[in-house]
Amino acid sequence: MRADAPVTLAVVIGAHGVTGEVRLKLFTDDLRAYARFNDGKLTLKSLRDGSNGAIARFVEVPDRNAAEALRGIAITVPRAALPPLGEGEYYHADLLGLAVVSTAGQTIGTVAAIDNFGAGDVLDIERPAAGGQPATRFMVPMRHEAVPAWDDAKLVLAEAFLPQ
């Protein structure tokens, strides 16, 4: 992923109150680690826990009408602004869209989505349509037994985790 590629840290899900605060669905543990978002268009003024996410105030959002206009907007930072990763760690943004190959080198498809149902990340891998058959998806756990390696170009999937 390019260093300047935007990475979504939250999404505005609506306005909160009449003073310009917004409700956020968070995709990170610490939004406060960043001050500016969306290529400098938004500056975080305050952040607190909400009933289903967080409540934020941005300097550039003066009232409820401006807050409502942000509904559905992704709150992003450049990939280069994220902290460096340790061995075996990854950002979801780095895996999404990555080519998937088997340990034998067979092209499988791409990483279409990443879910977490409580026991760890699960990759949703999409196989492209072929031979008149529609595209299909299957899920594998993001564990070393299933995914022994990945890099910037591809993700390697163990043969035992390929669908029959």
Side-chain angles (χ1 to χ4, degrees), residues 1-100 109-126 137-157 161:
M1 174 174 263
R2 294 184 346 260
D4 63 339
V7 175
T8 300
L9 300 181
V11 172
V12 177
I13 56 175
H16 180 80
V18 296
T19 60
E21 290 182 309
V22 295
R23 293 180 294 123
L24 298 176
K25 178 178 181 178
L26 297 175
F27 305 122
T28 183
D29 292 334
D30 189 10
L31 197 63
R32 288 179 185 93
Y34 311 94
R36 309 221 6 116
F37 302 91
N38 298 37
D39 293 325
K41 294 180 182 88
L42 293 172
T43 307
L44 187 63
K45 184 174 182 180
S46 66
L47 182 73
R48 68 180 193 276
D49 290 338
S51 60
N52 63 345
I55 308 297
R57 181 180 305 276
F58 293 103
V59 172
E60 299 80 4
V61 183
D63 57 34
R64 183 174 181 88
N65 289 339
E68 281 291 345
L70 292 178
R71 181 187 301 266
I73 297 295
I75 303 302
T76 66
V77 296
R79 170 65 176 83
L82 300 176
L85 294 168
E87 182 68 29
E89 294 180 328
Y90 55 89
Y91 287 115
H92 287 191
D94 293 341
L95 299 182
L96 291 170
L98 207 54
V100 178
T110 59
V111 177
I114 303 170
D115 297 303
N116 189 313
F117 302 106
D121 288 341
V122 177
L123 304 178
D124 190 353
I125 298 172
E126 183 173 70
R137 288 187 173 192
F138 64 97
M139 298 177 113
V140 297
M142 185 58 180
R143 294 193 329 245
H144 183 69
E145 311 85 69
V147 182
W150 70 89
D151 58 28
D152 292 342
K154 67 182 179 309
L155 181 136
V156 179
L157 182 63
F161 288 86

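FYI, side chains are in, hydrogens and waters are out, and symmetry mates aren't considered; it's all heavy atoms of this structure. Because the structure is predicted, anything quoted here is derived from the model rather than measured.
Between Val7 and Tyr91 the shortest side-chain heavy-atom distance does not fall below 4.5 Å. Put simply, the side chain of Val61 does not reach to within 4.5 Å of the side chain of Lys45, judged on heavy atoms. At a threshold of 4.5 Å between non-hydrogen side-chain atoms, the residues Phe27 and Ile75 do not count as touching.
Between the side chain of Arg36 and the main chain of Thr43, no donor-acceptor pair closer than 3.5 Å is present. With hydrogens and angles disregarded, no donor-acceptor distance shorter than 3.5 Å links the side chain of Arg79 to the backbone of Asp94. Checking side-chain atoms of Asn38 against main-chain N and O of Ala74 turns up a donor-acceptor pair under 3.5 Å. Here the side chain of Arg32 pairs a donor or acceptor atom with the backbone of Leu47 at under 3.5 angstrom.
Distance check: Glu60 CD to Leu44 CG gives 10.0 Å after rounding to the nearest 0.5 Å. Interatomic distance, Arg57 CZ to Arg48 CZ, rounded to the nearest 0.5 Å: 8.0 Å. To the nearest 0.5 Å, the span separating CE on Met142 from CG on Leu155 amounts to 5.5 Å. Atom CZ of Phe161 and atom CZ of Arg143 lie 5.5 Å apart (nearest 0.5 Å). Atoms CD1 and CD1, from Ile125 and Ile114 in turn, are 10.0 Å apart once rounded to the nearest 0.5 Å. Here CG of Leu98 is found 7.0 Å from CG of Asp151. Values are rounded to the nearest 0.5 Å.
Pairing each heavy atom of Ala54 with each of Leu26, the nearest pair is CB-CD1, 3.7 Å. Residues Leu96 and Ala113 come closest through the heavy atom pair CD2-CA, 3.6 Å. Across every non-hydrogen atom of Arg137 and Glu126, the tightest pair is NE-OE2, 3.4 Å. Listed here is the closest heavy atom pair of Gly20 and Ala67: O-CB, 3.8 Å. Heavy atoms only, all atoms of each residue included: Trp150 and Leu95 are closest at CD1-CD2, 3.8 Å. In plain terms, the two heavy atoms of Ala153 and Ala99 that are nearest each other are O-CB, 3.9 Å.
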Could you check Phe37 against Val77 for side-chain contact (heavy atoms from CB on, under 4.5 Å), going step by step and ending with a plain yes or no?
CA-CA 5 Å; Phe37 302 91; Val77 296; 3.6 Å; yes

Any chance you could lay out the side-chain contact (heavy atoms from CB on, under 4.5 Å) test for Asp121 and His92, step after step, and finish with the verdict?
CA-CA 9 Å; Asp121 288 341; His92 287 191; 2.9 Å; yes

Start with the C-alpha distance between Leu9 and Leu24, add both sets of side-chain angles, then the distance that settles side-chain contact (heavy atoms from CB on, under 4.5 Å), and finish with yes or no.
CA-CA 10 Å; Leu9 300 181; Leu24 298 176; over 6 Å; no

Report the C-alpha distance between Ile55 and Arg23 in whole Å, list the side-chain angles of each, state the deciding distance to 0.1 Å, and finish with yes or no for side-chain contact (heavy atoms from CB on, under 4.5 Å).
CA-CA 5 Å; Ile55 308 297; Arg23 293 180 294 123; 3.6 Å; yes

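When each of Leu157, Asp124, Leu123 is paired with Phe138, the side chain to side chain contact (heavy atoms under 4.5 Å, CB included) condition holds for Leu157 and for no other. Of the residues listed (Val140, Val111, Val156, Val147), the one engaging Val100 in a side chain to side chain contact (heavy atoms under 4.5 Å, CB included) is Val111, and it is the only one.
With sequence neighbours left out, the side-chain hydrogen bond (donor to acceptor under 3.5 Å, both in side chains) criterion links Tyr34 to no other residue.
Within 6.0 Å of atom CG in Asp39, 12 or fewer heavy atoms from other residues, nucleotides or ligands are found, so the atom counts as exposed in its surroundings. In Asp30, the CG atom is crowded: over 12 heavy atoms of neighbouring residues, nucleotides or ligands sit closer than 6.0 Å. Annotation for Asn116: atom CG counts as buried by contact number, over 12 foreign heavy atoms lying within 6.0 Å.
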